[in-house]
Amino acid sequence: MTDGGLKLDSTAAKGNIFKVDELNLYYGNKQALKNIKINIPERTITAIIGPSGCGKSTFLKCLDRMNDLIPTVKVTGNVSFRGKNIYDKDVDVVELRKNVGMVFQKPNPFPMSVFDNVAYGPRIHGIKDKARLKEIVEKSLKNSALWDELKDRQHESAMSLSGGQQQRLCIARCLAVEPEVILMDEPCSALDPIATSKIEDLMRKLKEKYTIVIVTHNMQQAARVSEYTAYFLMGELIEYGETKKIFENPIDKKTEDYITGRFG
């Protein structure tokens, strides 16, 4: 990994890849996140759960500064990625988003070929050699469990793929720039159960090399795939811990009410 404008602290490379402290976010005068404190371990799957409008996706977007695109947003506090506050003025946001990739709720392939979708990021970052691009595309399609399905369809339009294939292609596009973290904002909400199962299987394999943070409305999915779960409510982090403990023995009654379906 290149450090670019991030100036990463190599001594912080083990353990928690993100350390979030006193994070607050405002949309104009409305506070959407309130004093969030959370550490996210590397090479694990962390699930963010909670009712609609609780701040889940807003928090996720804080991890790659996607909220910067909204003019009225103000962020305070510290979001440390490998020992460096990503909100410091000297941070290269393009480099940050290379290291921290995002997969959105609705599959959003570009209106171009499968090959060009996956090669897009590497080309943006200066890779022009055709043999190297071919190698990256093949590796990324294999790592997203798409190679066997699409190896003979690389020059077809990505728009011709099924919804599940399109979402895995978006994951492949993310992997092509070799991130360390993959953020997933409800990646299965638009998919059928079979496609959802394939994405979940893929996540389990990817955590061997990548840190995954997933926002999900599906508590069964959180229980199936994640090692850690954070429960958000009205912009606050109510409880965070090992998924098994959160689901079987939550500390906070608000968490218990949500998990058991009495609320939300």
Side-chain angles (χ1 to χ4, degrees), residues 1 3-9 12 15-106 108 170 174 177 179-187 189 210-217 222 226-241:
M1 182 191 68
D3 58 9
L6 281 171
K7 299 179 182 176
L8 303 182
D9 178 0
N16 295 315
I17 196 165
F18 279 108
K19 293 185 178 182
V20 180
D21 189 38
E22 296 183 359
L23 173 66
N24 296 279
L25 182 140
Y26 303 83
Y27 293 113
N29 294 323
K30 180 185 177 184
Q31 187 168 4
L33 294 176
K34 303 170 185 176
N35 198 34
I36 305 299
K37 297 182 181 181
I38 187 173
N39 293 334
I40 297 175
E42 64 179 335
R43 296 191 183 184
T44 58
I45 301 176
T46 298
I48 312 294
I49 64 171
S52 296
C54 69
K56 301 186 301 294
S57 294
T58 296
F59 171 75
L60 194 72
K61 292 173 184 176
C62 285
L63 300 180
D64 70 348
R65 289 184 54 173
M66 195 66 73
N67 290 312
D68 287 11
L69 302 173
I70 304 171
T72 60
V73 161
K74 176 187 175 184
V75 177
T76 65
N78 190 298
V79 179
S80 177
F81 172 64
R82 291 222 181 278
K84 172 67 176 176
N85 184 9
I86 66 173
Y87 285 90
D88 283 352
K89 291 181 180 179
D90 64 342
V91 167
D92 181 339
V93 177
V94 173
E95 186 68 21
L96 170 67
R97 292 179 187 153
K98 179 178 181 291
N99 287 301
V100 184
M102 174 77 82
V103 176
F104 295 94
Q105 181 174 0
K106 185 179 179 182
N108 61 338
C170 292
C174 178
V177 295
E180 288 195 73
V181 179
I182 305 171
L183 309 177
M184 296 185 168
D185 192 357
E186 297 191 55
S189 65
Y210 306 93
T211 301
I212 298 174
V213 186
I214 176 174
V215 164
T216 179
H217 269 110
S226 69
E227 287 112 307
Y228 296 90
T229 296
Y231 171 52
F232 278 64
L233 179 64
M234 296 179 69
E236 297 182 9
L237 174 58
I238 303 300
E239 190 167 346
Y240 174 57

So do [Y] and [X] actually touch side chain to side chain, heavy atoms under 4.5 Å?
X: Leu60; Y: Val213; value: yes
X: Leu69; Y: Asn67; value: no
X: Thr58; Y: Leu25; value: yes
X: Leu23; Y: Asn78; value: no
X: Phe18; Y: Val100; value: yes
X: Pro187; Y: Val215; value: no

Between [X] and [Y], what is the shortest heavy-atom contact and its length?
X: Asn35; Y: Asn24; value: N-OD1, 2.8 Å
X: Ile36; Y: Val20; value: O-CG1, 3.6 Å
X: Ile182; Y: Pro179; value: CG1-CG, 4.4 Å
X: Phe232; Y: Leu237; value: CE1-CD1, 3.7 Å
X: Lys61; Y: Met102; value: CG-CE, 3.9 Å
X: Ser57; Y: Asp185; value: OG-OD1, 2.8 Å

Side chains of Tyr87 and Thr76: any donor to acceptor distance under 3.5 Å?
no
Side chains of Glu42 and Asn16, donor plus acceptor under 3.5 Å:
no
About how many Å separate [atom2] of [Y] and [atom1] of [X], when rounded to the nearest 0.5 Å?
X: Tyr210; Y: Cys174; atom1: OH; atom2: SG; answer: 8.5 Å
X: Cys54; Y: Leu233; atom1: SG; atom2: CG; answer: 7.0 Å
X: Leu33; Y: Cys62; atom1: CG; atom2: SG; answer: 5.5 Å
X: Ile17; Y: Thr211; atom1: CD1; atom2: OG1; answer: 4.0 Å
X: Ile49; Y: Glu239; atom1: CD1; atom2: CD; answer: 9.0 Å

Taking NZ, NE, NH1 and NH2 as the nitrogens, is one of them in Asp90 or Lys84 under 4.0 Å from a carboxylate oxygen of the other?
yes
Pair Lys56 + Glu186, salt bridge at N-O below 4.0 Å
no
Is the NZ atom of Lys34 crowded by more than 12 outside heavy atoms at less than 6.0 Å?
yes
For the side chain of [X] and the backbone of [Y], is there at least one donor-acceptor N/O pair under 3.5 Å apart?
X: Lys98; Y: Val177; answer: yes
X: Arg97; Y: Asp92; answer: no
X: Gln31; Y: Tyr26; answer: no

Tell me, with the steps shown, if Gln105 and Ser189 meet side-chain hydrogen bond (donor to acceptor under 3.5 Å, both in side chains).
CA-CA 7 Å; Gln105 181 174 0; Ser189 65; 3.1 Å; yes
Quick one: which of Val181, Ile86, Ile40 gives a side chain to side chain contact (heavy atoms under 4.5 Å, CB included) with Leu63?
Ile40
Going through the distances and angles, do Tyr27 and Lys74 end up as a side-chain contact (heavy atoms from CB on, under 4.5 Å)?
CA-CA 7 Å; Tyr27 293 113; Lys74 176 187 175 184; over 6 Å; no
List the steps and the verdict of side-chain contact (heavy atoms from CB on, under 4.5 Å) for Ile45 and Tyr228.
CA-CA 7 Å; Ile45 301 176; Tyr228 296 90; over 6 Å; no
How far apart are the C-alpha atoms of Met184 and Ile212, what are their side-chain angles, what is the distance that settles it, and do they pass the side-chain contact (heavy atoms from CB on, under 4.5 Å) test?
CA-CA 7 Å; Met184 296 185 168; Ile212 298 174; 4.2 Å; yes
Run the side-chain contact (heavy atoms from CB on, under 4.5 Å) test on Ile48 and Thr216 for me, step by step, so that the C-alpha distance in whole Å, both residues' side-chain angles and the decisive distance to 0.1 Å come before the verdict.
CA-CA 6 Å; Ile48 312 294; Thr216 179; over 6 Å; no
